[in-house]
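One structure is given below, encoded as structure tokens.
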Amino acid sequence: MPDHLPTIEFPAAIVDLRYSLTTFRQALNGKHPVRIVAMGSSSTAGRADVVPYPYRLEMYLRQRYKDPRPNIRIDVLNRGRGGEEANEELGRFETDIFQDDPALVIWQVGTNAVFHNDKYDVDVVAENIRKGLAQLRARGFEVLLIDPQYAPKMLWDDRAEVSDKMVRLIRAAADEAKVNLFQRWALMRHWHVQNNVSFEQLVDTTDPDKLHQSDWSTWQVSVALTNAIVKTATPTA
């Protein structure tokens, strides 16, 4: 990665969340530890030397809320498993989400449906996302979906069309369930197209698949996600 890092934008139209985070805000004002569960695949679990977003999010949120609560405890529980998709993750909801009773569920989905498009049918994956959201909402959880990363492997050959469809289906599922969507795809695309950030900076150069984010872009996405959560959880005057 070059020493000179680019100047990037965080457009409100992309990063702002649509729905309130009332449960999360109430948990912040309570006396007990605040739990967030991060469900997903390798973007959540982490790989190689790249620190994944759940650990960064935990650190950033603790820093942001330590004043006026210096002893606040915010735990982001990493429930990521590389290579999985919504089809498999539904089976882990009971043990990996429900039992922890989190104030917020972050669900990163859709990447493997595109990357392994010989294994997954995106329409089936989308239906399982809808089923998962219905289960989470029925139990009263606040949910934040994260869509795929904008990376070369997602744009090569027939994957470009599948990526576009998967992103649209995730948005539709979020709209239908009235849950927040963090638009990672659109944000990274904005950096690449509008801010002239190269894929060498966005993607881990040690990854032969040209799929996983670099440490730098994971950091920037984590900052954007943190800011979006804090902004949405802050009551307006």
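Excluded from the calculations below are hydrogen atoms, water molecules and symmetry mates; all remaining heavy atoms, backbone and side chain alike, are included.
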Please report the closest heavy-atom contact between [X] and [Y], naming both atoms and the distance.
| X | Y | value |
| --- | --- | --- |
| Ala103 | Ala27 | CB-CB, 3.7 Å |
| Glu142 | Ser20 | OE2-O, 3.9 Å |
| Val197 | Pro6 | CG2-CG, 3.7 Å |

Residues that [X] engages under side chain to side chain donor-acceptor pair (under 3.5 Å), provided they are two or more places apart:
| X | answer |
| --- | --- |
| Lys119 | none |
| Arg184 | Ser43, Gln149, Gln213 |
| Asn87 | Asn128 |

Please report the interatomic distance [atom1]([X]) to [atom2]([Y]), rounded to the nearest 0.5 Å.
| X | Y | atom1 | atom2 | answer |
| --- | --- | --- | --- | --- |
| Leu144 | Leu225 | CG | CG | 6.0 Å |
| Ile170 | Ile146 | CD1 | CD1 | 10.5 Å |
| Leu61 | Arg56 | CG | CZ | 14.0 Å |
| Leu202 | Trp216 | CG | CH2 | 6.0 Å |
| Trp107 | Ile97 | CH2 | CD1 | 7.5 Å |

Fill in: From CA spacing to verdict: side chain to side chain donor-acceptor pair (under 3.5 Å), Asn195, Glu9
CA-CA 7 Å; Asn195 298 149; Glu9 301 165 333; 3.2 Å; yes

Discussion item. Taking the six-membered ring for Trp, are Trp191 and Phe10 closer than 6.0 Å centroid to centroid?
Written reply: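 Yes, close enough.
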
Worksheet item: Between Trp219 and Tyr60, is the gap from one ring center to the other below 6.0 Å?
Response: no

Fill in: salt bridge (Lys or Arg N to Asp or Glu O under 4.0 Å) against Asp164, all qualifying residues, sequence neighbours excluded
Arg168

Practice prompt. Using the test salt bridge (Lys or Arg N to Asp or Glu O under 4.0 Å), find all partners of Asp96 that sit at least two apart in sequence or belong to another chain.
Written response: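 For Asp96 the salt bridge (Lys or Arg N to Asp or Glu O under 4.0 Å) partners, ignoring immediate neighbours, are Arg92.
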
Worksheet entry | Given Asp123, Asp121, Asp158, Asp147, the one that forms salt bridge (Lys or Arg N to Asp or Glu O under 4.0 Å) with Lys165 |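 Exactly one pass, corresponding to Asp123.
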
Worksheet item: Which of these passes side-chain hydrogen bond (donor to acceptor under 3.5 Å, both in side chains) with His212: Thr218, Asp207, Thr111, Thr206?
Response: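 The side-chain hydrogen bond (donor to acceptor under 3.5 Å, both in side chains) with His212 is passed solely by Asp207 among Thr218, Asp207, Thr111, Thr206.
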
Without swapping roles, check the side chain of [X] against the backbone of [Y] for a donor-acceptor pair under 3.5 Å.
| X | Y | value |
| --- | --- | --- |
| Ser214 | Gln201 | yes |
| Asp209 | Leu211 | no |
| Asp215 | Val50 | no |
| Glu85 | Ala113 | yes |

Worksheet item: Apart from Val51 itself, which Ile, Leu, Val, Met, Phe, Trp or Tyr residues share its cluster (side-chain heavy atoms under 4.5 Å, direct or through members)?
Response: Tyr55

Output all residues satisfying side-chain contact (heavy atoms from CB on, under 4.5 Å) with [X], sequence neighbours left out; order by chain, then residue number.
| X | answer |
| --- | --- |
| Glu58 | Arg62, Asp75, Val76 |
| Gln26 | Thr22 |
| Tyr19 | Lys178, Asn180 |
| Thr44 | Ala38, Tyr53, Pro54, Asn78, Gln108 |

Worksheet entry | Arg64 and Asn227, any side-chain heavy atoms less than 4.5 Å apart |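 Heavy-atom side-chain distance check passes, below 4.5 Å.
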
Fill in: ring pair (Phe, Tyr, Trp, His ring centres under 6.0 Å) partners for Phe199, two or more places apart
Tyr150, His192

Worksheet item: Would Asp100 and Arg79 satisfy salt bridge (charged side-chain N to carboxylate O under 4.0 Å, His left out), going step by step from the backbone distance to the final call?
Response: CA-CA 11 Å; Asp100 288 306; Arg79 301 290 190 244; 2.7 Å; yes

Practice prompt. Could you name each residue pair satisfying salt bridge (Lys or Arg N to Asp or Glu O under 4.0 Å) that touches residues 30-51, not counting sequence neighbours?
Written response: Arg47-Asp204

Item to complete: Could you please spell out the steps behind the side chain to side chain donor-acceptor pair (under 3.5 Å) verdict for Gln183 and Arg171?
Response: CA-CA 9 Å; Gln183 302 178 81; Arg171 174 184 284 279; 2.3 Å; yes

